[in-house]
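Here the structure comes first, spelled out in structure tokens, and everything after it is commentary.
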Amino acid sequence: MSAANSRPAAFFMRDHPAMRPERYNMREAEAKWRKAWSEAGVFRTLNADPRPKYYVLEMFPYPSGRIHMGHVRNYAMGDVVARFRRARGFNVLHPMGWDAFGMPAENAAMKNNTHPAAWTYANIDSMRAQLQSMGLSLDWSREIATCDPSYYRHQQKLFLDFLAAGLVARKKSKVNWDPVDHTVLANEQVIDGRGWRSGAVVEQRELTQWFLRITDFSEDLLSSLDRLERWPEKVRLMQRNWIGRSEGLMVRFVIDPASVGALEGEPGTNELEIYTTRPDTLFGAKFMAIAPDHPLAAAAARHDPKLQAFIEECRRVGTSVAAIETAEKKGYDIGLRVFHPFDPEWRLPVYVANFILMDYGTGAIFGCPAHDQRDLDFVNVYGLGATPVVCPPDVDPATFTVNTVAYDGDGVMINSRFLDGMTIEAAKEEVARRLEAVTIGNAPQARRQVNFKLRDWGISRQRYWGCPIPVIHCEDCGVVPVPETDLPVRLPEDVTFDQPGNPLDRHPTWKHVACPRCGKPARRETDTMDTFVDSSWYFVRFTDPTNETAPTDPAVANHWLPVDQYIGGIEHAILHLLYSRFFTRAMRKCGHVGIDEPFAGLFTQGMVVHETYRDGCGQWVAPNEVQIDAEGGARRAIMIDTGEPVEIGPVEKMSKSKHNTVDPDEIIETYGADTARWFMLSDSPPERDVIWTEAGVQGAYKQTQRLWRLVCEIERVVGPERPARPQAFGEEAKRIRQVAHAALARIEDEIEKLRFNVCIAQIYEFANALSSAVGAIDAAPVADDLAYAFAEAGDILVHCFAPMMPHLAEECWEVLGHDGFVSGSPWPEADRGLIVSDSVTYVVQVNGKKRGELTLPREAGNPAIESSALALDAVARAMDNKPVRKVIIVPNRIVNVVV
RNA sequence: GCGGACGUGGCGAAACCGGUAGACGCAAGGGACUUAAAAUCCCUCGGCCAAAAGCCGUGCGGGUUCGAUCCCCGCCGUCCGCACCA
């Protein structure tokens, strides 16, 4: 149905206002407009469109099968931006796709005996239908799914390009290994050191894995953060800390040969190299500590079964930093002693300690308990003591001690011989200078080093449902890339999940291939890629999603990129965003794009949270099983079925386990997509969590009806013809125009800043003002000037809420007598000249406390303002006959009389 | 453990760059309309006080300032991330 076809009905209604339905039938209207948009292709985007581009993107969803309220919020926000920019004359790219590889499909396969592909594509179909029911202005012709060979073949090409460019490495790395299920476990699958499915104690295993060399870009990824001005400061800070640049010193400690004992002949028993960012605290050292995975620890363990047991105990904690660092500090003295670099008489014990990470620095430290909390916790277990070497300002060095809280602040060096009295910085410099000058075995004892916490990105996954890594292992030729003509390396379809391990590895034929180089029998790589790889370039693929010959067309990609506004959850603040920034740089190096920062503007939205409910037995109860009564301010909940009382619990993130989810389908069915979108945007600032409440969504529903009635009322007082602009406006018409244009200016500012909740409050204020103006009219239609003002205000109002409630807006647009779509019509121009008023209201304060108000002409000068202020009764009373000391006048705002 | 954020009425919140604290909405209470209900419309709504005047009030304790929700210092509480979840 085209908009033109609906004209007769609209005319009929305008001629007979009484015939217009009292209530807006969202169910019919929403379906009607979605169909009309789709048939007219309103949201189709052409790469060749000459208008300025605007790329708005929301993080694409994992196809779990059902959308949740978090999606509704995320996509509602993105759609507001897309629709607003479109109205502002931009050629908007607003695509959607599916982050479709990943573990849940394999878990479902194991549980339900379905194939991951079948499960995933079925989920995509149902989620697409759900998203479409939201009325999002998406270009569905650009839809992509990362699990589709038409997508991952290009990802394999990118991998090969990266390989050729030296951006790929093979290294050993540890994984959580479940000895019963014969599978690698994700950190989230390790619960209290045991596999989630088998319950077996998890081991750590070393596997040779594929890595992307993100650390090649550490410095660039860090310094470029300064240029990302439209990113939240907190995300930039999180990335800065994650990259973790530090300037420190590598120091070689000589091991006392007398302490080597049974380790004689083992490698690495001459010296121990450590990395420190605090060389200034060297005189506070109490011990050395090495990681359980340190080669020296392994060497020592070969001679000491108890140490071996200790190391294995450490490994059971798991591979996650959080687990390692929260575990109680434990160590094992391996008997070695090292010489203090500045005192050959001073020897320090060497421990293997569970809180030292092999991945950072050299996997070895010197421990200075007085100034590092972890070291202090450690010595407090082993009774090694703590000597403070940095004294806080204004503290007496003679009495300063450290017992349970380490001091990591600024201060002056003490107890440190030649460093005493220096600042921390000077002491660091002095230690570095002296140790650089000492030569041990042809090399200086210390060297300055910039270190990063950032590690290379391990992308190997021993799983089926991911993008195959396109290489072949040949006994003679080694690692051989799959020739590009053989891409894609497709996942075999005939796999089963009824036994443990990786289906690709145990597939009878898939991995057996001829070496592309020598032709001898060889085997395919059976690891697949981390799904973060899939999501690290999908935003590029959207610019040219059907390109069959290459991952991108660089010219097209460079036209659209960077994404102007990216919107998604804060949980992706580090990994996804950092990997995407790296990937863009890597793609640039290989000639696929010409930019290095993929997302110019980033917005991180808060979660959708909900009250939790439990019945008498403590079982979780879902919101749709509960009825809430609020009388006299007290809220009580009962089970709808039984009337049994229900306990209202704390508000928490919506999760299946707590049964506090709300199904978007049900909400859209009951209230309509517009209401759901409106409520998601109206209640809380978008970056903060929003609490889903039944009362809130009902309130939003009421507002949709109110706006509908208001627009119908406006149409009634305006009359059936769109009024022409009159020569002059009366007082009331002027006032209405002023209200409308002021509202428009504010609302567009707020949308621009993504402050949707404030924007909606402004729409309410505008609607309230219009509503009373219309209510004051008793004879319709009104005079020409008023009719014009009302019609103009009505158009503005509809435009203002159209990005949030697009279906209702189309319906209202039609009522106001327009052809075509409001979704396709330009944003009205706010006449900012209309907005300035002739008078200004000052707040009058005495000593900073409000005592009255004063309305004066805009052009009033300071002396006039001052004398009017002092003339106020309330001011005189508050001054209490005291003399005026000073009068502060803030232009157009405030007068403060200081007495 | 490390890192990051947040805290304002009964509730969600607003307050431009340090300048009227509580816009707007929800809930609640009162009223109108109605046979009744729903819907709709009007009024009240931070605390103390009968009211006016006034005083108190932005997690807590200090500080800077003519003036602090906003800046500084120190606490308390809540939430999030931590590299194989996506």
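Values reported hereafter were calculated over all heavy atoms of this structure, with side chains retained and with hydrogens, waters and symmetry mates removed. The sequence lines fix the lettering, A, B, ..., with proteins before strands; numbering per chain opens at 1.
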| message | Within the 4.0 Å heavy-atom criterion, would you say Ile888(A) contacts the bases, only the backbone, or no part of the nucleic acid? | response | base
Side-chain atoms of Ala761(A) come closest, of G1(B), A23(B), A83(B), to A23(B)
task = Compare side-chain N and O positions of Lys849(A) against OP1 and OP2 of C56(B) and report whether any pair is under 4.0 Å apart.
result = yes
Look at all strands and tell whether Arg746(A) reaches a base, only sugar-phosphate, or nothing, counting heavy atoms closer than 4.0 Å. nothing
### Task
Answer yes or no: does a side-chain N or O of Asn768(A) lie under 4.0 Å from OP1 or OP2 of A23(B)?
no
C60(B) glycosidic conformation (syn if within 90° of 0, otherwise anti) is anti
Distance under 6.0 Å and angle within 45° of the ring axis: does Lys329(A) meet both against Phe355(A)? yes
The answer to which of Arg885(A) and Glu233(A) contacts RNA chain B further toward the 5' end, by nearest nucleotide, is Glu233(A)
note: Asp873(A), atom CG; A53(B), atom P; distance rounded to Å ~ 12 Å
Between the CZ atom in Arg374(A) and the CG atom in Leu376(A), the distance rounded to the nearest 0.5 Å is 12.0 Å
Practice task
Please examine the side chains of Gln189(A) and Met103(A), heavy atoms only from C-beta on, and report whether any two atoms are closer than 4.5 Å.
Solution key: yes
Quiz item: Contact class for His572(A) vs. all strands (heavy atom < 4.0 Å): base, sugar-phosphate, or nothing?
Solution: base
Rounded to whole Å, the NE2-P distance (His576(A) to G81(B)) equals 16 Å
**Prompt:** What nucleic acid atoms does Ile763(A) come within less than 4.0 Å of, heavy atoms only: base, sugar-phosphate, or nothing?
**Reply:** nothing
Whole-Å distance, Lys850(A) NZ to U69(B) P, equals 15 Å
Residue-phosphate contact under 4.0 Å: Gln703(A) side-chain N/O, C26(B) OP1/OP2
yes
Q. Within the structure shown, what part of the strands sits under 4.0 Å from Gln209(A) by heavy-atom distance: base, sugar-phosphate, or nothing?
A. base
Inset, instruction - Measure up the Phe582(A) and Trp457(A) rings against each other and bin them: parallel (under 30°), tilted (30 to 60°), perpendicular (over 60°). - result: perpendicular
inquiry  = Over 60° means perpendicular and under 30° means parallel, so tell me whether His576(A) and His572(A) are parallel, tilted or perpendicular.
reply    = perpendicular
request  = Determine whether Tyr842(A) and Val840(A) make a side-chain contact, defined as any pair of heavy atoms from C-beta on separated by less than 4.5 Å.
outcome  = yes
A correct dot-bracket answer for RNA chain B, with pairs being Watson-Crick or G-U at under 3.5 Å, [ ] for crossing pairs and | for inter-strand pairs, is (((((((..(((......[....))).(((((.......))))).(((.....)))..(((((..]....))))))))))))....
Of the listed C2(B), G81(B), A83(B), the closest approach to the Ile574(A) side chain comes from G81(B)
Winner on side-chain proximity to Tyr62(A), out of A23(B), A83(B), A86(B), is A86(B)
Quiz item: Just by modelled atom types, is the Gly848(A) backbone N or O under 3.5 Å from a matching donor or acceptor in the Asn896(A) side chain?
Solution: yes
Open item on the list: So Ala695(A), base contact, sugar-phosphate only, or nothing? Heavy-atom distance under 4.0 Å.
Closed with: sugar-phosphate
*Looking at the rings of Trp98(A) and Phe60(A), which for Trp means the six-membered one, are their centres under 6.0 Å apart?*
no
Touch class at under 4.0 angstrom, heavy-atom based, for Trp457(A) against every strand present:
nothing
Whole-Å distance, Trp231(A) CH2 to G4(B) P, equals 17 Å
Here the distance between atom P of C85(B) and atom CD of Gln462(A), to the nearest Å, is 13 Å
Exercise for the section: Report yes or no: do Thr704(A) and Asp674(A) form a side-chain donor-acceptor pair below 3.5 Å? Expected result: no
Could you check whether Gln845(A) gets within reach of a base, just the sugar-phosphate, or nothing at all, counting any heavy atom under 4.0 Å?
base
Atom OH of Tyr360(A) and atom C1' of C82(B) are separated, to the nearest Å, by 15 Å
Taken to the nearest whole Å, CG/Asn896(A) to P/G19(B) is 13 Å
Note: Ala869(A) and Val844(A) closest approach over all heavy atoms is CB-CG1, 4.0 Å
Look at Arg455(A) and A83(B) and indicate whether a side-chain polar atom (N or O) is within less than 4.0 Å of OP1 or OP2. no
- request: For Lys753(A), report the nucleic acid contact type (base, sugar-phosphate, nothing); a contact means any heavy atom under 4.0 Å.
  value: nothing
Ranking C55(B), G1(B), A14(B) by distance to the side chain of Arg851(A), first place goes to C55(B)
Closest of G4(B), A15(B), C84(B) to the Lys234(A) side chain is G4(B)
Report task. Remember a base hit wins even if backbone is also touched, and classify Arg463(A) as base, sugar-phosphate or nothing at under 4.0 Å, heavy atoms. Result -> base
So CG of Leu212(A) and CD1 of Ile459(A): to nearest 0.5 Å the spacing works out to 4.0 Å
Touch class at under 4.0 angstrom, heavy-atom based, for Arg236(A) against every strand present | nothing
Rounded to whole Å, the CD-C1' distance (Gln762(A) to G25(B)) equals 13 Å
**Request:** For this output row, return yes or no: ring centroids of Tyr566(A) and Phe603(A) closer than 6.0 angstrom.
**Result:** no
Does Lys653(A) reach a base, just sugar-phosphate, or nothing at all? Heavy atoms under 4.0 Å.
nothing
* Respond yes when some side-chain nitrogen or oxygen of Arg877(A) is under 4.0 Å from OP1 or OP2 of G54(B), and no when none is. => yes
Comparing nearest nucleotides in RNA chain B, the 5'-proximal residue of the pair Lys886(A), Thr531(A) is Lys886(A)
- Base, sugar-phosphate, or nothing for Phe532(A), non-hydrogen atoms under 4.0 angstrom? base
Expected rows: protein N/O vs nucleotides 11-13 of chain B N/O, under 3.5 Å:
| residue | atom | partner | partner atom | Å |
| --- | --- | --- | --- | --- |
| G12(B) | O3' | Ser684(A) | OG | 3.4 |
| G12(B) | O2' | Asp683(A) | O | 2.5 |
| G12(B) | O2' | Ser684(A) | OG | 2.9 |
| A13(B) | O3' | Asn757(A) | ND2 | 3.4 |

Lys702(A) has its side chain closest, among A27(B), C85(B), G3(B), to A27(B)
Between Ser320(A) and C82(B), is there a contact of a side-chain N or O with OP1 or OP2 at under 4.0 Å?
no
Assigned chi class of G9(B) under the 90° convention is syn
Exercise. Indicate, with a heavy-atom threshold strictly under 4.0 Å, whether Ser64(A) touches base, sugar-phosphate, or nothing.
Key: nothing
Please tabulate, one pair per line, all N/O donor-acceptor pairs under 3.5 Å involving side-chain atoms of residues 755-773 of chain A, not counting sequence neighbours.
| residue | atom | partner | partner atom | Å |
| --- | --- | --- | --- | --- |
| Arg755(A) | NE | Glu750(A) | OE1 | 2.7 |
| Gln762(A) | OE1 | Arg746(A) | NE | 2.8 |
| Tyr764(A) | OH | Trp678(A) | NE1 | 2.9 |
| Asn768(A) | OD1 | Arg706(A) | NH1 | 3.4 |
| Asn768(A) | OD1 | Arg706(A) | NH2 | 2.6 |
| Asn768(A) | ND2 | Tyr764(A) | O | 3.4 |
| Ser772(A) | OG | Asn768(A) | O | 2.9 |
| Ser772(A) | OG | Ala769(A) | O | 3.3 |

Checking A14(B), G1(B), C41(B) against the side chain of Val758(A) (C-beta onward), the nearest is A14(B)
